[in-house]
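Structure first, commentary second.
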Protein chains: 2
Amino acid sequence: MKGETRKKMVVGAADLIRRRGVNATSMREVVRHTGTPRGSIGHHFPHGKQQLVEEALLLAHQEVSAPLAELVSRSGTVSGLRAFIEGWRHILQKSDFEAGCPILAVAVEQYIGDDGLPNPLAQQQLLDIARTALEDWQKILCTGLRKDGLPPARARRLATLIISSVEGTVALCRASRSVRPLDDVQTELEALLTSAIKTVQASD
Amino acid sequence: MKGETRKKMVVGAADLIRRRGVNATSMREVVRHTGTPRGSIGHHFPHGKQQLVEEALLLAHQEVSAPLAELVSRSGTVSGLRAFIEGWRHILQKSDFEAGCPILAVAVEQYIGDDGLPNPLAQQQLLDIARTALEDWQKILCTGLRKDGLPPARARRLATLIISSVEGTVALCRASRSVRPLDDVQTELEALLTSAIKTVQASD
DNA sequence: GCTTGACTATGACGCACGGCATATTATAGC
DNA sequence: GCTATAATATGCCGTGCGTCATAGTCAAGC
């Protein structure tokens with residue numbers, strides 16, 4: 001199979017970044033964890049760790065946005081939100097609260113380059129990917145809410161609130177080793193959304 | 001001055017963890033950054049980096065919870081929320097969006113010990129501190145909301161939503177190098193809170 | 001003044017890291 | 001079958017890390 005090893009490395013890197021963050025994820029650990037050959041790193045990823053991390057982040061981005069966009073356009077914003085949250089709940093529980101969102105990890109730590117020093121340029125590139133992913137998710141929810149009739153500014157604010165609170169609550173769940181924060185946030189967000197949609201549709 | 005150097009180290013560690021996370025913050029960098037003597041690390045922190053990080057987290061915990069508790073009990077929950085958010089806005093802007101919440105950083109990454117390997121025990125201790133801090137902040141808001149008349153379950157859920165969304169949005173702001181997410185979340189949270197309080201007080 | 005204790009300075013140790021070079025093996029294409 | 005190219009294996013390099021040991025400094029207390 002062509003590119004089999006490469007893909008395993010990207011997936012393994014994403015999984016490790018979920019659990020440990022970027023800096024605590026070493027290339028050696030990636031190949032140990034995935035059973036892939038160490039010598040192939042430089043072959044598949046000539047730009048080194050930075051490249052591997054970037055592809056892992058893009059993968060994590062897609063794995064969320066693809067089903068989210070699907071569900072929002074097919075079954076509505078609230079259904080999309082439900083699936084979005086359910087996805088995170090699954091990741092948390094399956095990993096015994098050890099895994100979270102790799103995008104958030106990048107936004108919270110500072111990338112340490114190959115020379116062992118913080119690399120502002122590399123960090124900026126990773127941040128750009130993180131920003132793009134977060135904006136993409138938000139945009140999906142935002143357009144869904146606008147289709148539900150909400151005014152643009154309100155839709156944007158609510159979409160921001162959703163992304164922020166879900167990302168934040170995934171971290172809370174890891175700290176408390178419980179899904180209760182996620183449950184609470186889900187309850188409030190769904191109530192808020194349905195109320196906002198109902199209100200604006202009643203005024204039509 | 002007794003304990004001057006020690007305090008500078010803790011403050012400097014907290015500041016670096018804000019910007020870089022735990023793993024990207026080395027003890028050598030702390031002493032470089034604070035102008036404190038390297039040889040004093042082992043003297044003031046015989047348990048090493050773990051101890052220094054723990055004290056930095058406790059400091060960050062207190063620096064938030066003390067004024068938050070004050071304001072919530074004195075001027076009400078909404079005022080407390082406003083100050084809470086304002087504090088984060090200040091940290092973001094003063095650092096040009098490079099600093100965030102050290103508590104969140106601990107919840108998102110996995111601590112790498114002195115042997116260069118993940119140390120589950122040490123990580124658990126750091127997570128406990130993070131959990132305690134987050135629960136403390138939440139409890140402050142929760143009791144405030146209950147004093148505003150909200151039923152216990154609702155108060156808890158709203159407090160969780162506030163902490164989650166603000167922590168999450170601070171990370172979003174770092175990624176987008178903008179305070180807009182924080183502004184949007186603030187708008188929605190304040191509206192949600194005042195609405196919830198007004199509703200429950202009208203039904204009295 | 002000298003001792004005692006707390007604090008500071010400095011270098012060494014072992015380790016894991018990312019990257020690279022080289023050698024070896026598999027897999028095409030023809 | 002042979003060759004060219006992709007892929008894998010493995011060891012080395014330099015670096016920064018956390019920790020420790022040892023030596024030096026400095027301020028009280030008597």
Side-chain angles (χ1 to χ4, degrees), chain A residues 1-10 12-13 16-17 19-56 106 109-123 125-126, chain B residues 1-10 12-13 16-17 19-56 106 109-123 125-126:
Chain A
M1 296 284 182
K2 171 139 166 285
E4 189 72 14
T5 341
R6 214 188 111 96
K7 180 131 203 169
K8 278 212 290 188
M9 286 178 174
V10 176
L16 282 175
I17 295 173
R19 298 167 186 268
R20 305 186 171 182
V22 176
N23 290 316
T25 298
S26 71
M27 315 220 64
R28 285 168 149 92
E29 188 74 23
V30 170
V31 302
R32 270 194 296 266
H33 185 257
T34 57
T36 47
R38 183 166 78 93
S40 305
I41 296 176
H43 184 73
H44 293 299
F45 305 94
H47 294 304
K49 182 176 181 178
Q50 156 111 359
Q51 185 182 3
L52 177 58
V53 172
E54 284 177 2
E55 300 203 15
V106 168
E109 58 183 332
Q110 158 90 238
Y111 178 61
I112 298 296
D114 57 346
D115 50 357
L117 301 172
N119 187 335
L121 205 87
Q123 167 70 5
Q125 292 171 355
L126 296 185
Chain B
M1 295 288 179
K2 172 140 167 286
E4 189 72 13
T5 325
R6 214 187 113 97
K7 182 130 203 170
K8 278 213 289 188
M9 286 177 173
V10 176
L16 281 176
I17 295 172
R19 299 168 185 267
R20 307 187 170 181
V22 175
N23 290 316
T25 298
S26 71
M27 314 220 63
R28 284 167 150 93
E29 188 74 23
V30 169
V31 302
R32 270 193 295 265
H33 185 258
T34 57
T36 47
R38 186 168 75 100
S40 305
I41 296 177
H43 183 73
H44 292 299
F45 305 95
H47 294 306
K49 181 176 182 178
Q50 157 112 0
Q51 184 182 3
L52 178 58
V53 171
E54 284 178 1
E55 300 204 16
V106 168
E109 59 182 334
Q110 158 92 237
Y111 177 61
I112 299 295
D114 56 345
D115 50 358
L117 302 170
N119 187 336
L121 205 86
Q123 168 70 5
Q125 293 171 354
L126 296 186

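Just so we're on the same page: letters track the sequence lines, and every chain starts at 1.
- For the pair A:Gln50 CD and C:dG19 C1', the interatomic distance rounds to 14 Å; values are reported in whole Å.
- Picking from D:dC17, D:dT8, C:dT8 the nucleotide with the shortest atom distance to the side chain of A:His44 gives D:dT8.
- Atom pair B:Met27:CE and D:dC20:P shows a separation of 11 Å (rounding to whole Å applied).
- Taking the nucleotide of DNA chain C with the nearest heavy atom to each of B:Asp114 and A:Gly113, the more 5' of the two is matched to B:Asp114.
- Atom CZ in B:Arg6 sits about 14 Å away from atom C1' in C:dA6, given to the nearest Å.
- Taking the side-chain contact (heavy atoms from CB on, under 4.5 Å) definition, one finds that A:His33 meets it with A:Asp15, A:Leu16, sequence neighbours left out.
- In this view, A:Arg32 and A:Glu29 satisfy the salt bridge (charged side-chain N to carboxylate O under 4.0 Å, His left out) rule, not counting sequence neighbours.
- Distance CE (B:Met9) to P (C:dC7): 11 Å, rounded to an integer number of Å.
- Remark: P of C:dG19 and CD of A:Gln51 are 10 Å apart, rounded to the nearest angstrom.
- On a pure distance criterion of 3.5 Å, no polar donor-acceptor pair joins the side chain of B:Arg28 and the base of D:dG16.
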Scan the side chains in residues 110-119 of chain A for donor-acceptor partners under 3.5 Å anywhere in the protein, sequence neighbours excluded, and list what turns up.
unit_1   : atom_1 : unit_2   : atom_2 : d
A:Asp115 : OD1    : A:Leu117 : N      : 3.3
A:Asn119 : OD1    : A:Leu121 : N      : 3.3
A:Asn119 : OD1    : A:Ala122 : N      : 3.2

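- Under the rule for a salt bridge (charged side-chain N to carboxylate O under 4.0 Å, His left out), B:Glu54 has no partner lying at least two apart in sequence or in another chain.
- In this structure, CZ of A:Phe45 is placed 11 Å from P of D:dT8, rounded to the nearest angstrom.
- Between A:Met9 and A:Phe45 there is a side-chain heavy-atom pair separated by less than 4.5 Å.
- Within a heavy-atom distance below 4.0 Å of DNA chain C, the residues of residues 31-43 of chain B found are B:Pro37, B:Arg38, B:Gly39, B:Ser40, B:His43.
- Under a 3.5 Å cut-off, the side chain of A:Glu109 and the backbone N or O of A:Val22 do form a donor-acceptor pair.
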Please output the side-chain donor-acceptor pairs of residues 34-42 of chain B that fall under 3.5 Å, not counting sequence neighbours, one pair per line with the distance.
unit_1  : atom_1 : unit_2  : atom_2 : d
B:Thr34 : OG1    : B:Val30 : O      : 2.7
B:Thr34 : OG1    : B:Thr36 : OG1    : 2.6

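- When the side-chain nitrogen and oxygen atoms of B:Thr5 are compared with OP1 and OP2 of C:dC7, none of them lie within a distance under 4.0 Å.
- Atom-to-atom, CG of A:Asp115 to C1' of C:dA16 comes out at 15 Å; the value is rounded to the nearest Å.
- Contact between the side-chain N/O atoms of B:Ser26 and the OP1/OP2 oxygens of D:dC17 is found at a separation under 4.0 Å.
- One interatomic measurement links the two molecules: CG of B:Leu117 to C1' of D:dT19, which rounds to 15 Å at whole-angstrom precision.
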